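Right, one structure below, let's go through it.
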Amino acid sequence: MKENDIYTISRINNLIDKKISYCDDFRKIKIRGEITNFNGSYNSGHYYFSLKDKKSSISCVMFKLSTKSLDFKPKDGMDVVATGEVSFYKARGNLQFRVRKMQEAGLGDLYIAFEKLKKKLAEEGLFKDKKAIPQYPKKIGVITSASGKAIKDIVNNIEKRWPAEIVIWDTTVQGANSARSITKNISLANKTDVDMIIVGRGGGSTQDLWDFNKEEVVRSIANSEKPIITAIGHSTDKTLSDLASDKVAATPTKSAELAVPNKIEINEKLKNIETRLNDLINSKLDNLTHRISISKNNKTFKDPLSKYKNHHTNLLLLKTTADKSLNQLIQSNELQLDGFNNSYVLNNPEYILDKKVGKINLFKNELYNNITSYILACENKVNLCSENLKSLNLSESFELKNNSLDLIENNLNNSINNKLNFYTHNFEIIKNNHVFTNPCQILDDKSDRITEINKSLDTEITKTLDSNENKLRILEEKLKILNPEELLEKGYVVKDPDEIRKSKAKNVIIILFLAIVIVLLILLSLK
């Protein structure tokens, strides 16, 4: 900056504004002073005033948006603490303090203590439990200043609304001894027969109402045995006593409305109830009168026995019908029981098992007889063949055949006996079993199976007999051909004995092979 430079007013004001705007020391600061030249009557809603101390003053402005946070009405002479920043109005070159928040001096510490006590009491649960306000109180205690406006509003509204007795405890609600006076009178009211208590006072500044934020007052309200309605200040005021009370009224006048009902409304309700009761009684009487008139003309009242005569006739008819139905039911059950008895005898598992075992024994005997007769026939044929071949010295071959037939017979007997024993054992197990899922079906299946085995055995035995008869026939023809006497008669030469022996061995092997095949077929069919 040069000594000869000349600044315009605008330029110098801009420099001042920049210096102030960029200086952190002028932002978010608090200043304390006395309000002077207060002017809050502008249509804009802004407040213009000055703050001064003993030596100097500063112009201040509080815009409309910030004024809404105030809990008191600013006026000249008030000692306040203002929070905001320093600004410079370039158009006029005025330095001013732009106020964001403002409170009465000394209340800052009080508010900190208020929040701390509020948190403490809330953690203890003093603000939770609420007692019910009696609906129709007979006696009401009022704790407030006897010379204030609040007592007149409370008493006048109670007397106008409800005929309750009012007991007043003159109480100091502002000043050095107010907290002690409030707690003392709450204690005295709890020892009387009042139904409820109203604690209140008129409006005032935050400092005027501060005694109702003291811990001893709040605890006395919360611990009161009688329900308490608080009416402290106006709707914008909120104290810790309001949080501890059982009900909060916006004004002392409103506390009277909350404490007692409106007798006019009660009378109207009683009249409505009386009218409804009269209507109900009259309706009931009309209904009963109508029923009596109908009953007088009823035939039952004129001739009571006629009703019972009809019932007697109906009962006789019902008795006859019931006896007939009961007899029919008994006969039907008897027939059904006989049917069940016969069905049980026919389907008795022991009876069915005995019947099937008899069939099996009969089949066993028939099979044994058939095999015996077949064996005898085979023995006869073998004996006959052996006699015919004695002259040819073929006894050894027939003995071998006879032995093979004996072996076949033994095998057949063993196989048949084993099979019969197996089935007999199975039937014995079934017979001794106490649980039958479907015994008739099982026996029928076994019977069918035995019938099939019987048929198969008959078929195989027939085939075997036919086959052996054919073989014996062939052997007879060969024996006739090999008979020396017939050969000599025809003039043929007898073959060498070694060749005859070989032929015999070959025939025995063929017969044994056929016998084994037959036995295997029989065993397979039995399985």
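No experiment lies behind these values; they were computed from the predicted model shown.
When atom types are taken as modelled, the side chain of D242 and the backbone of T239 share a donor-acceptor pair closer than 3.5 angstrom. Listed for the S245 side chain is a donor-acceptor partner under 3.5 Å among the backbone atoms of K247. A donor-acceptor contact shorter than 3.5 Å links the side chain of S69 to the backbone of S66. Between the side chain of N333 and the backbone N or O of L329, at least one donor-acceptor pair lies under 3.5 Å. When atom types are taken as modelled, the side chain of W162 and the backbone of P137 share a donor-acceptor pair closer than 3.5 angstrom. Of the possible polar contacts, none joining the N185 side chain to the I143 backbone as a donor-acceptor pair under 3.5 Å is found. In this structure a side-chain-to-backbone donor-acceptor pair under 3.5 Å is present from T171 to W169. For the pair S332 (side chain) and Q328 (backbone), a donor-acceptor distance under 3.5 Å is absent. Between the side chain of N190 and the backbone N or O of S224, no donor-acceptor pair lies under 3.5 Å.
Within the 4.5 Å cutoff, side-chain heavy atoms of L362 are placed close to those of E366. When side chains are defined from C-beta on, T230 does not count as touching F212, because their heavy atoms never get closer than 4.5 Å. No side-chain heavy atom of L126 sits less than 4.5 Å from a side-chain heavy atom of I221. With contacts defined as side-chain heavy-atom distances shorter than 4.5 Å, the pair L117/N213 does not qualify. With contacts defined as side-chain heavy-atom distances shorter than 4.5 Å, the pair N157/K160 qualifies. Within the 4.5 Å cutoff, side-chain heavy atoms of P134 are placed close to those of P227. Two residues are said to be in side-chain contact when any heavy atoms from C-beta on lie closer than 4.5 Å; I229 and I197 fail this criterion.
Side-chain contact check for D323 and T320: no donor-acceptor pair (N or O, by modelled atom type) lies under 3.5 Å. With 3.5 Å as the limit, one finds no donor-acceptor pair spanning the side chains of T253 and T251.
For K64, the NZ atom counts as loosely surrounded, since its 6.0 Å shell holds 12 or fewer non-hydrogen atoms of other residues, nucleotides or ligands. Annotation: D129, atom CG; neighbour count of heavy atoms from other residues, nucleotides and ligands within 6.0 Å does not exceed 12. With a 6.0 Å radius and a threshold of 12 heavy atoms from other residues, nucleotides or ligands, K130 has its NZ atom above the threshold. Counted within 6.0 Å of CD1 on I330, heavy atoms from surrounding residues, nucleotides or ligands total more than 12; the atom is thus considered enclosed.
Between atom CG of residue L209 and atom CZ of residue R201 there is a gap of 5.0 Å, rounded to the nearest 0.5 Å. To the nearest 0.5 Å, atoms OG (S283) and CZ (R276) are separated by 13.0 Å. One finds the NZ atom of K238 at 15.0 Å from the CG atom of D71 (value rounded to the nearest 0.5 Å). In this structure, CZ on R291 lies 6.5 Å from CG on L288, to the nearest 0.5 angstrom. Note that CG of L285 is 14.5 Å distant from NE2 of H290, once rounded to the nearest 0.5 Å. Atom CD of residue E104 and atom CG of residue L70 lie 10.0 Å apart, to the nearest 0.5 angstrom.
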* To do: Evaluate salt bridge (Lys or Arg N to Asp or Glu O under 4.0 Å) for D195 paired with K226, printing each intermediate quantity in order.
  => CA-CA 7 Å; D195 298 318; K226 310 287 184 179; over 6 Å; no

* Worked verdict on K131 versus D246 for salt bridge (Lys or Arg N to Asp or Glu O under 4.0 Å) -> CA-CA 6 Å; K131 294 178 284 295; D246 300 301; 3.6 Å; yes

* Taking it one step at a time, do F72 and M102 satisfy side chain to side chain contact (heavy atoms under 4.5 Å, CB included)? -> CA-CA 9 Å; F72 67 96; M102 187 166 60; 4.3 Å; yes

* Asked: Checking side chain to side chain contact (heavy atoms under 4.5 Å, CB included) for the pair I228/M196: CA distance, chi angles, key distance, verdict?
  -> CA-CA 6 Å; I228 292 180; M196 56 168 297; over 6 Å; no

* Asked: Could you walk me through whether L316 and N314 pass the side chain to side chain contact (heavy atoms under 4.5 Å, CB included) check?
  -> CA-CA 6 Å; L316 290 175; N314 291 333; over 6 Å; no

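Here the closest heavy-atom approach between residue F127 and residue K118 is recorded as CE1-O, 3.6 Å. In plain terms, the two heavy atoms of L258 and V248 that are nearest each other are CD1-O, 3.7 Å. When all heavy atoms of A164 and I158 are compared, the pair lying nearest together is CB-CG2, 4.5 Å. Taking both residues in full, the closest heavy atoms of S241 and I232 are given as CB-CD1, 3.8 Å, listed atom of the first, atom of the second, then distance. The two residues K263 and E159 have their closest heavy-atom pair at NZ-O, 4.0 Å. Closest of all the heavy-atom pairs between S181 and T172 is OG-N, 3.1 Å.
The one candidate from K214, E216, R219 that meets the side chain to side chain contact (heavy atoms under 4.5 Å, CB included) condition with T183 is E216. Each of T144, I140, I198, V142 was compared with S255 under the side chain to side chain contact (heavy atoms under 4.5 Å, CB included) criterion, and only I198 meets it.
The pair E257-K254 counts as a salt bridge, with a side-chain nitrogen and a carboxylate oxygen less than 4.0 angstrom apart. With salt bridges taken as basic N to acidic carboxylate O contacts below 4.0 Å, none links D153 and K149.
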